[in-house]
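Just below is one structure, and these are the notes that go with it.
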Amino acid sequence: MQPHWDDIRIFLAVARAESLSGAGRMLKIDPATVGRRIARLEDALGAPLFAKSPNGYVLSDAGQRLMAHAMRAETAMEDAAEELAGTAGGMTGQIRVGAPDGCANFLLPQVCAAIALENPELEIQIVALPRVFNLTRREADMVIAVSPPTAGRLSVQKITDYRLHLAASIKYLRQHPPIETLQDLEGHRMVGYIQDMIFDKELDYLSQAGVERVNLASNSVSVQLNWVRQGGGIGVLHDFSLPWTRGVQKVLADKLSLTRSFYLVRHADDRRLERQNRFASALVAGIRQEVAQLEART
């Protein structure tokens, strides 16, 4: 018995969601149907594709071998659909972008809004999470990262550099001793990341300032910024976030200035998809322009 393509599609969803219910939500079908389709595919191939574990459905050895073929088939189907639809008009369909929450909050909304304005049939989703995304599981179609990955079949493009500085609210600075050197930070409340939740070494900003203790910590850039804005303490903030935050100014800008980079990461097979190429090109150009404009205002 030959496997059905639709069963392969469901197999990919279960592999990515690691559960029947999660796959059902992705595909908008009930979990019982998902289970029956997986059973039918396993019968057709003569091998179990998943092992049930406390953490959900895990690919078996046969499932892992099928995964690579299934993803190539999925890409081929998407490629064919785009070719038949043509590329003369605007972009259509859904594209999901994963990004660290600083980029997702202060850059992507206006950049993606401009892309959507030019492509009214395009659905754009922004997933803002302070962690690494798994492109193989299709948690996102493309990801903005703060360091280039070195493993996997991925396409990596540098987007732009961006800068960060120590910052505090004007209210906080008026109520506390003056800050003239990095050593003066020892007497102030510091805002930063929860140390054991820093998912990329590029985000360990305060260590470069010699700060050993963080008084107000969060894994969210937005929470950190709001603590600083409310006068909670001094933190390292993106320059591109400062124009959105009244009453906050740079501190010791001549003593500590950090430069980091954004990278666009995609699955290597997706470089053949014209729609994603067009979106990626617009996204990169928009982020570069937005970073330059916002940093020029600080």
Side-chain angles (χ1 to χ4, degrees), residues 99-110 128-132 144-148 158-263 287-298:
D101 65 337
C103 177
N105 277 284
F106 302 109
L107 298 174
L108 289 189
Q110 55 270 39
L129 288 175
R131 63 173 178 82
V132 177
I144 296 168
V146 293
S147 61
K158 182 176 178 180
I159 301 175
T160 189
D161 291 332
Y162 62 93
R163 274 151 286 282
L164 307 98
H165 288 88
L166 289 163
S169 70
I170 295 173
K171 178 176 68 174
Y172 178 90
L173 294 173
R174 286 173 178 167
Q175 295 174 349
H176 293 81
I179 307 168
E180 298 176 351
T181 68
L182 290 175
Q183 287 70 35
D184 293 336
L185 295 175
E186 293 179 7
H188 290 267
R189 290 196 307 270
M190 300 303 299
V191 177
Y193 280 102
I194 300 171
Q195 190 65 31
D196 61 3
M197 297 186 72
I198 295 177
F199 67 92
D200 192 300
K201 61 181 177 59
E202 295 294 329
L203 303 179
D204 192 9
Y205 309 132
L206 289 176
S207 64
Q208 291 193 231
V211 174
E212 296 180 356
R213 184 185 176 207
V214 175
N215 307 89
L216 298 173
S218 173
N219 67 332
S220 166
V221 168
S222 298
V223 172
Q224 293 175 35
L225 183 144
N226 278 302
W227 260 332
V228 171
R229 185 172 61 86
Q230 295 296 333
I234 302 169
V236 174
L237 301 181
H238 302 83
D239 283 12
F240 59 67
S241 72
L242 295 180
W244 304 101
T245 311
R246 291 184 179 180
V248 173
Q249 66 183 46
K250 294 179 184 178
V251 175
L252 300 178
D254 59 334
K255 302 289 195 304
L256 183 71
S257 179
L258 304 177
T259 299
R260 297 292 188 268
S261 303
F262 285 133
Y263 299 86
I287 292 174
R288 286 173 178 166
Q289 180 179 14
E290 196 67 20
V291 168
Q293 289 178 349
L294 291 172
E295 288 191 346
R297 293 165 56 187
T298 66

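What's counted below: heavy atoms across the whole structure, side chains too, no hydrogens, waters or symmetry copies.
Heavy atoms only, all atoms of each residue included: V214 and G192 are closest at CG1-N, 3.4 Å. Contact record, L237 with A167: CD1-CB, 3.8 Å, taken as the closest heavy-atom pair. Scanning both residues, L216 and G232, for their nearest heavy atoms gives CD1-O, 3.5 Å. Nearest heavy atom pair, residue P109 against residue C103, reads CD-O, 4.4 Å. When all heavy atoms are compared, the tightest approach of A253 to S257 is O-CB, 4.2 Å. Closest approach of G231 to S169, counting heavy atoms only: CA-OG, 3.4 Å.
F240 contributes atom CZ, which lies 14.0 Å from atom CD of Q293 (distance to the nearest 0.5 angstrom). The CG atom of L256 sits 9.0 Å away from atom CG of L206, with the distance rounded to the nearest 0.5 Å. Here the straight-line distance linking atom CG of D101 with atom OG of S218 works out to 8.0 Å at 0.5 Å rounding. One finds the CG atom of L203 at 12.0 Å from the CE atom of M197 (value rounded to the nearest 0.5 Å). Annotation: the span from H188 atom NE2 to Y172 atom OH amounts to 5.0 Å, rounded to 0.5 Å. Rounding to the nearest 0.5 angstrom, the gap separating the CG atom in L164 from the OG1 atom in T259 is 8.0 Å.
For residues 226-251, the salt bridge (charged side-chain N to carboxylate O under 4.0 Å, His left out) pairs, not counting sequence neighbours, are D239-K250. Sorted by first then second residue, the salt bridge (charged side-chain N to carboxylate O under 4.0 Å, His left out) pairs that include residues 201-216, not counting sequence neighbours, are E202-R260.
Considering only heavy atoms from C-beta on, V221 stays 4.5 Å or farther from P100 through its side chain. Two residues are said to be in side-chain contact when any heavy atoms from C-beta on lie closer than 4.5 Å; V248 and L242 meet this criterion. Residues Y162 and L294 have side chains not in contact (no heavy-atom distance under 4.5 Å, counting atoms from C-beta outward). Contact of the I287 side chain with the I144 side chain is registered, since non-hydrogen atoms from C-beta on lie closer than 4.5 Å. Residues Q249 and I170 are in side-chain contact: their nearest non-hydrogen atoms beyond the backbone lie under 4.5 Å apart. Under the 4.5 Å side-chain criterion, counting only non-hydrogen atoms from C-beta, D184 is not in contact with P178.
Listed by chain and number, the residues in a side chain to side chain donor-acceptor pair (under 3.5 Å) with Q175 amount to none (sequence neighbours excluded). Evaluation of the side chain to side chain donor-acceptor pair (under 3.5 Å) rule for K158 yields D161 as partners, not counting sequence neighbours. Scanning for side chain to side chain donor-acceptor pair (under 3.5 Å) contacts around Q110 gives E290, with sequence neighbours left out. Here T160 pairs with nothing under the side chain to side chain donor-acceptor pair (under 3.5 Å) rule; sequence neighbours left out.
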Criterion side chain to side chain contact (heavy atoms under 4.5 Å, CB included) on I179 and L252, from CA distance to verdict: CA-CA 8 Å; I179 307 168; L252 300 178; 3.7 Å; yes
Run the numbers on W244 and L225 for side chain to side chain contact (heavy atoms under 4.5 Å, CB included), then give the verdict. CA-CA 10 Å; W244 304 101; L225 183 144; over 6 Å; no
Test side chain to side chain contact (heavy atoms under 4.5 Å, CB included) on R189 and H176; report intermediate values, then the result. CA-CA 10 Å; R189 290 196 307 270; H176 293 81; 4.0 Å; yes
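Classification of the H238-Y205 ring pair by plane angle, with boundaries at 30° and 60°, yields perpendicular.
Proximity of a side-chain donor or acceptor of R288 to a complementary backbone N or O of I159 within less than 3.5 Å is detected. Without hydrogens or angle criteria, S220 side chain to V223 main chain gives a donor-acceptor distance under 3.5 Å. Judged by distance alone, with hydrogens and angles left aside, the side-chain atoms of E295 form a donor-acceptor pair with the main-chain N or O of R163 at under 3.5 Å.
Partner L166 forms a side-chain contact (heavy atoms from CB on, under 4.5 Å) with one of L258, V228, I234 and no other, that one being I234.
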